[in-house]
Amino acid sequence: MRLKRKDILGIDELDPDELMLIIDTARNFKEVNEREIKKVPTLRGRTVINLFYEPSTRTRTSFEIAAKRMSADAINISVSQSSVSKGETLKDTAKNLEAMRPDCIVVRHPVAGTPHMLSRHLDCSVINAGDGMREHPSQALLDLMTIVEHKGDVRGLKIAIVGDIAHSRVARSNIYALTKLGALVTLSGPPTMIPPGIERLGPAGSVTVEYDMNKAIKDADVIMMLRLQLERQGAPLFPTPREYSTLYGLTTERLAKSTREDLLILHPGPINRGVEISPEVADGPFSLIIDQVTNGVAVRMALFYLLLGASREDKDEPRTEEKE
Amino acid sequence: MNRLAIAGGRVFDPEAGIDGTFDIIAMGGRVASIRPSTGDMEAFKGDGWTLIDATGKLVLPGLIDIHTHLREPGFEYKETIATGALAASAGGFTAILCMANTEPVNDSASVTRYILDKAANACGVRVLPIGAVSVGLKGKKLSEMADMVKAGCVAFSDDGLPVLDGALMRRALEYSKLFGDGGLSVISHAEDPSIACCGSMNEGYVSTRLGLQGIPNAAEDSLVARDITLSELTGGRLHIAHVSTRGAMELIRAARGRGVRVTAEVTPHHLALDDTAVEGFNTDAKMSPPLRSKEDIEALIEGLTDGTIDAIATDHAPHSPIEKDIEFSSAANGIIGLETALPLTLKLVSDGVLSLETAVRSLTSGPAAVMGLNMGSIRIGTDADITIVDTEREWTVDPAKLLSKSKNTPFAGWKLKGRATETIIGGEVIYRLKD
């Protein structure tokens, strides 16, 4: 089985079947990461380039490990700033890389739409590892996988996403993924962090906004905390981290307001301990933050497999078709 | 003396109150007579006559575009005065005003004279310079306006930038009253950069979905309000460039009702496209002010129809792929517009959204009145600046065939109906559409 597309640019374009195909494939690959010899030969001889225009440890490492465990050759390129002020344009960089015949370029860039632009100019596969505030599809997929592992069917589940929704690609990708599969999403944060029209990102009624975090999490089956981006200077979205964490921090006291016994707590990381999430909660019994990271490698292996690996040696295809 | 006859066409000049089949005769570059067509063109076929058979076509006063960027001096790789003038003539424009954000900035008589000199050697389209309000467009000191007016400037503007300092804007509006007949216009690019901060498209559902920082209507409305109050305080002539919002529209309408000397223009693209045009991160849909919502477009159409908006002006802003074929938020703002303005405006007429009268006024007598120009109407004794339009001519916008040096247009591939077939300036046929 192979995905009917060349690229993974966002969750927006994927249909529910494709989402579940990726999750199911990822769950199969998860086992590989628990073996002593963490290697399958499926993508031997393939080349994957990680082209990161924004700093990242976890996502880039995860993509690199995923590619290597599939036996692909993985190269990392970090560009410290956007190409505009410093010489070579993005398009030129990509074209030059393409000349070296990679099979897949994984790109993270501070400006939304950049993976689309690359996809138009490149023949190889493009995976979006985060484009500005728009989407981070592999994150939403690993979040979805984590929820599915614990809850089975996502339909009807209540998910609360708390934090800087306006600037969060993780929030957007998750809204798409969860509502496409029938979950209900409540977004919470100060009004300065809720963008206009966000309720319309999911089918009617599937996305609601609730400024009061206590109300937002009360009946939630899953609470997803977003990192407060303290480095975002010049945009006075909240007065101080102190006030922010008083209103929107997930602490043990606030958790006591939840009505759920089997609550799941997720966070895309890295966490700001004591700001959006207290250490006790981050390390506590409901937290799946570390599981998410493990699932991230599996999801990325699945993406590489479904984009690059599947069809050529697919044993299910009948031999007679080769004659045509 | 060479004589020009434009015969058998439907002459449509709302300002002069003409709508009918007339023959126009020009001698020595001026309109000599306008008389009802007899259908007989034999008299116009002898020696010394240039005959244009305008049967079935619309004959209009020469179109005027009061907002263009010709990029020369300094950015000749994007456009030159010569190529911009050619593009203008192909779009049916007989006169264009060019903004001062060149390099060096047009903040002195010498740059003004340079521009006029280049224009004199171009195809013949009348190029009228707009001088900077502030030296270097830095928004700190008034430029030498008197000197620039003497050299040929017809208005002042710091466009693409707002004049942020309220005191400077006030003084500019006051000082400009010295020139022209009752003052020359100070043209405002009304946008508060702190509210617009970091945005690259309209703020709304589309920007949320595309993950792009948005520019709310308030960025424009707040500065429009400020500029109106300053015009009211000083009695200076204020012209709001490229209005894009319902809020700005309402402010201008109310101010006009109070007798404030404020005029306004709108671009064809702000009428033809809304913010959904940005889908797919098309940088040819990126401009300042950004494309807005359907509700804003409705308000702009109302404004044109009731006269709150006096002019349609292109804000022709050529950019090369170097500035456009890059990440969306880094891409330069602006699109070309000289060659698509008339067809897009005619499309509004054929869609029943605008009357032909409003459309023609907005491209002729409206802009002329805003800038105090003796143009925009076909009258005996005035320069024979005339645009002949085939309203039935169907064509597809092909950027490669446009005469502008730059090709940054979101209308590539659009099927339009209506095009200038001859552009006449001072009785000379400057442009003829080749089949």
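The main-chain N or O of Thr208(B) is found under 3.5 Å from a side-chain atom of Arg172(A) such that the two form a donor-acceptor pair.
The closest side-chain heavy-atom distance from Lys91(A) to Ile326(B) is not below 4.5 Å. Arg200(A) is not listed as a side-chain neighbour of Arg209(B), based on a closest heavy-atom distance of 4.5 Å or more.
Closest approach of Tyr205(B) and Leu201(A) over heavy atoms only: CE1-CD1, 3.9 Å. Listed here is the closest heavy atom pair of Gly211(B) and Ala112(A): O-CB, 3.5 Å. The minimum heavy-atom distance linking Asp325(B) with His121(A) is given by the pair OD1-NE2, 3.6 Å. Of all non-hydrogen atoms in Arg134(A) and Leu210(B), the two that sit nearest each other are CG-O, 3.0 Å. Considering every non-hydrogen atom in both Gln213(B) and His167(A), the closest pair reads OE1-NE2, 3.6 Å.
Residue Lys6(A) places its NZ atom among more than 12 non-hydrogen atoms of other residues, nucleotides or ligands, all under 6.0 Å distant.
For the atom pair CD of Glu327(B) and CG of Asp131(A), the computed distance is 11.5 Å after rounding to the nearest 0.5 Å.
Of residues 179-186 of chain A, no residue lies under 4.5 Å from chain B by any heavy-atom pair. Residues of residues 274-292 of chain B that come within less than 4.5 angstrom of chain A, heavy atom to heavy atom, are Gly280(B), Phe281(B) in numerical order.
Chain A forms the most heavy-atom pairs under 4.5 Å with one residue out of Ser207(B), Ser200(B), Gly214(B), Gly204(B), and that residue is Gly204(B).
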